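Here's the structure we're looking at; comments come further down.
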Number of protein chains: 2
Amino acid sequence: MQEGSRGHRERIVYEAAQHLRRAGVGGTGLRQVVADAAAPRGSLQHYFPGGKDQLVTEALDWAGTWAAERVAQHVSGMRRPSPGRLFTAMLDDWAAELQARDFERGCPVAGAVVDCADTNPAIRQAASAALDTWRRPITEALVTMGRSRRRAETLSTLMLCTLEGALVLARAQRDTAPLRLVARELAPLLDA
Amino acid sequence: MQEGSRGHRERIVYEAAQHLRRAGVGGTGLRQVVADAAAPRGSLQHYFPGGKDQLVTEALDWAGTWAAERVAQHVSGMRRPSPGRLFTAMLDDWAAELQARDFERGCPVAGAVVDCADTNPAIRQAASAALDTWRRPITEALVTMGRSRRRAETLSTLMLCTLEGALVLARAQRDTAPLRLVARELAPLLDA
DNA sequence: TGGCTACTATGACAAGCGTCATAGCCTGCC
DNA sequence: GGCAGGCTATGACGCTTGTCATAGTAGCCA
């Protein structure tokens with residue numbers, strides 16, 4: 001049953017990430033996570049002997065690489081690539097997700113940072129690493145689009161900042177308007 | 001002792017807001033709040049019969065008006081006002097705060113949204129209201145600086161989005177670089 | 001067959017949480 | 001003086017949390 005086991009482990013990590021998106025670290029209960037993952041409770045201490053910290057850390061890792069892959073998909077799916085178009089695609093993606101799930105889930109990294117940046121160094125570090133993982137493919141794409149590496153790093157950081165903040169505002173007012181607004185306003189600057 | 005009493009109430013609200021900034025709603029314990037406020041525990045059920053929800057709501061209200069006043073101070077303190085300069089002043093303010101407190105505290109609104117947007121309608125609503133309270137003086141200032149009202153609304157939203165996101169990144173990597181970066185990048189666009 | 005390993009099951013633990021009930025203080029007013 | 005009411009003190013409740021100890025099961029390999 002190695003397949004089933006690894007399935008359990010992966011499902012737990014995935015479900016933990018989804019819980020982070022919904023209610024942050026403090027609002028994520030381990031019993032609920034395993035229940036939603038349809039995994040046995042015993043798997044927790046078997047696969048994650050490091051406890052909640054380990055699980056949250058792995059969830060952030062997973063989220064970072066997932067976001068990076070999503071960026072790659074956007075890049076490869078663009079007919080005429082440009083920084084502004086990439087940014088717009090990412091924002092559209094998030095807007096659709098928020099809309100579809102009734103603003104239930106935001107960004108797991110934000111959830112971790114807001115709850116743990118000052119209280120849990122390991123989780124803070126994992127959140128920072130996840131942001132780097134997410135930002136790297138964006139930077140690379142911008143380089144491919146002709147920006148200098150230095151400029152690309154700056155723009156990718158700007159994109160992530162604006163995206164994260166727009167997510168907060170959007171969830172607060174249950175409206176995707178902020179997402180669309182920042183895409184519209186920033187695209188020209190990114191393409192300049 | 002009416003002074004002392006009102007002092008207690010206000011200190012509790014203030015301290016609750018500071019706890020929100022540090023660890024979000026889930027990480028804020030009421031016993032710790034009253035202890036840090038040097039207030040008696042009994043004041044909780046006396047002043048806040050609505051429980052934690054009421055306290056968090058009032059803390060967000062307080063934070064919103066505080067932020068609005070801070071904006072007004074920045075505006076009135078600027079020799080040659082411009083949207084970009086206002087934005088830079090706000091970001092500098094936050095950067096200094098993060099630096100001084102070792103990245104301990106972020107934005108209370110973000111803490112509330114990330115933890116409660118999907119689980120607590122009252123708090124989500126209070127967070128949204130706080131953002132409006134914060135954004136209004138910014139919008140008004142931009143109108144005074146010659147922008148159309150419609151344009152001012154757009155720009156103030158953009159400013160808040162970027163600020164909130166930059167705070168998340170800055171706390172994640174314990175570096176004020178994102179704050180300085182977005183100020184530098186966005187100022188020209190705001191002044192255009 | 002027996003043992004070793006991977007995984008699961010379950011109950012218990014201490015700690016913390018928000019909330020509430022109850023009683024006591026202390027001041028001001030009649 | 002005596003009563004009323006704003007405020008405080010304190011203990012307890014029920015619940016949930018993360019963590020752990022312990023036992024149990026299933027499958028592979030010798």
Side-chain angles (χ1 to χ4, degrees), chain A residues 1-20 22-60 111-112 115-116 118-123 126, chain B residues 1-20 22-60 111-112 115-116 118-123 126:
Chain A
M1 288 290 288
Q2 279 222 341
E3 299 176 6
S5 306
R6 294 185 51 186
H8 282 164
R9 194 189 201 287
E10 288 168 6
R11 279 206 300 273
I12 291 176
V13 171
Y14 169 82
E15 207 62 43
Q18 304 312 311
H19 274 75
L20 286 185
R22 236 182 54 191
V25 176
T28 295
L30 265 36
R31 286 169 174 83
Q32 194 61 43
V33 167
V34 290
D36 290 354
R41 223 187 76 195
S43 297
L44 265 182
Q45 77 178 293
H46 185 254
Y47 290 117
F48 309 96
K52 190 177 189 178
D53 285 12
Q54 180 185 353
L55 177 55
V56 170
T57 296
E58 292 200 26
L60 290 173
D115 278 10
C116 299
D118 185 58
T119 58
N120 196 319
I123 292 182
Chain B
M1 290 288 288
Q2 280 223 339
E3 300 177 5
S5 306
R6 294 184 51 185
H8 283 164
R9 195 189 201 287
E10 289 167 4
R11 278 205 300 273
I12 290 176
V13 171
Y14 169 82
E15 207 62 43
Q18 304 313 311
H19 274 74
L20 286 185
R22 234 182 57 189
V25 176
T28 296
L30 264 37
R31 287 169 173 84
Q32 192 63 42
V33 168
V34 289
D36 290 354
R41 227 186 73 195
S43 296
L44 265 182
Q45 77 177 294
H46 185 254
Y47 290 117
F48 309 96
K52 190 177 189 178
D53 285 13
Q54 180 185 354
L55 177 53
V56 170
T57 296
E58 292 200 26
L60 290 173
D115 278 11
C116 300
D118 185 58
T119 57
N120 197 319
I123 291 182

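Note that the coordinates shown come from a computational prediction; the quantities given were computed from them, not determined experimentally. Both backbone and side-chain heavy atoms feed into the values below; hydrogens, waters and symmetry mates do not.
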### Query
Looking at residues at least two apart in the chain, or sitting in another chain, which of them share a side chain to side chain donor-acceptor pair (under 3.5 Å) with Glu15(B)?
none
### Message
Under 4.0 Å, heavy atom to any atom of DNA chain D: which of residues 37-46 of chain B qualify?
### Response
Pro40(B), Arg41(B), Gly42(B), Ser43(B), Gln45(B), His46(B)
### Query
What's the NZ-P distance between Lys52(A) and dC20(D), to the nearest Å?
14 Å
### Task
Give the rounded distance in Å between these two atoms: CG of Asp115(B) and P of dC17(C).
15 Å
### Message
Please find the pair of heavy atoms, one from Val25(B) and one from Asp115(B), that lie closest to each other, and give the distance.
### Response
N-OD2, 2.9 Å
### Task
Starting at CG of Asp53(A), measure out to SG of Cys116(A) and round the result to the nearest 0.5 Å.
8.0 Å
### Task
Write down the distance between CG (Asp53(B)) and C1' (dC17(C)), rounded to a whole number of angstrom.
14 Å
### Message
Using whole Å, what does the distance between atom P of nucleotide dG18(C) and atom CG of Asn120(B) come to?
### Response
13 Å
### Query
What is the distance, rounded to the nearest whole Å, between atom OH of Tyr47(B) and atom P of dG6(D)?
11 Å
### Query
Quick one: side-chain contact (heavy atoms from CB on, under 4.5 Å) partners of Ala23(A), sequence neighbours excluded?
none
### Query
Can you list the residues that meet the side chain to side chain donor-acceptor pair (under 3.5 Å) rule with Asp36(B), with sequence neighbours excluded?
His19(B), Gln32(B)
### Message
Can you measure His8(B) atom NE2 to dT8(D) atom C1' for me and round it to whole angstrom units?
### Response
10 Å
### Message
I'd like to check the side chain to side chain donor-acceptor pair (under 3.5 Å) partners of Glu58(A); sequence neighbours left out, ordered by chain and number.
### Response
Arg9(A), Gln54(A)
### Task
Name every residue in residues 27-35 of chain A that has at least one heavy atom under 4.0 Å from any atom of DNA chain D, in order of residue number, or write none if there are no such residues.
Thr28(A), Gly29(A), Leu30(A), Arg31(A)
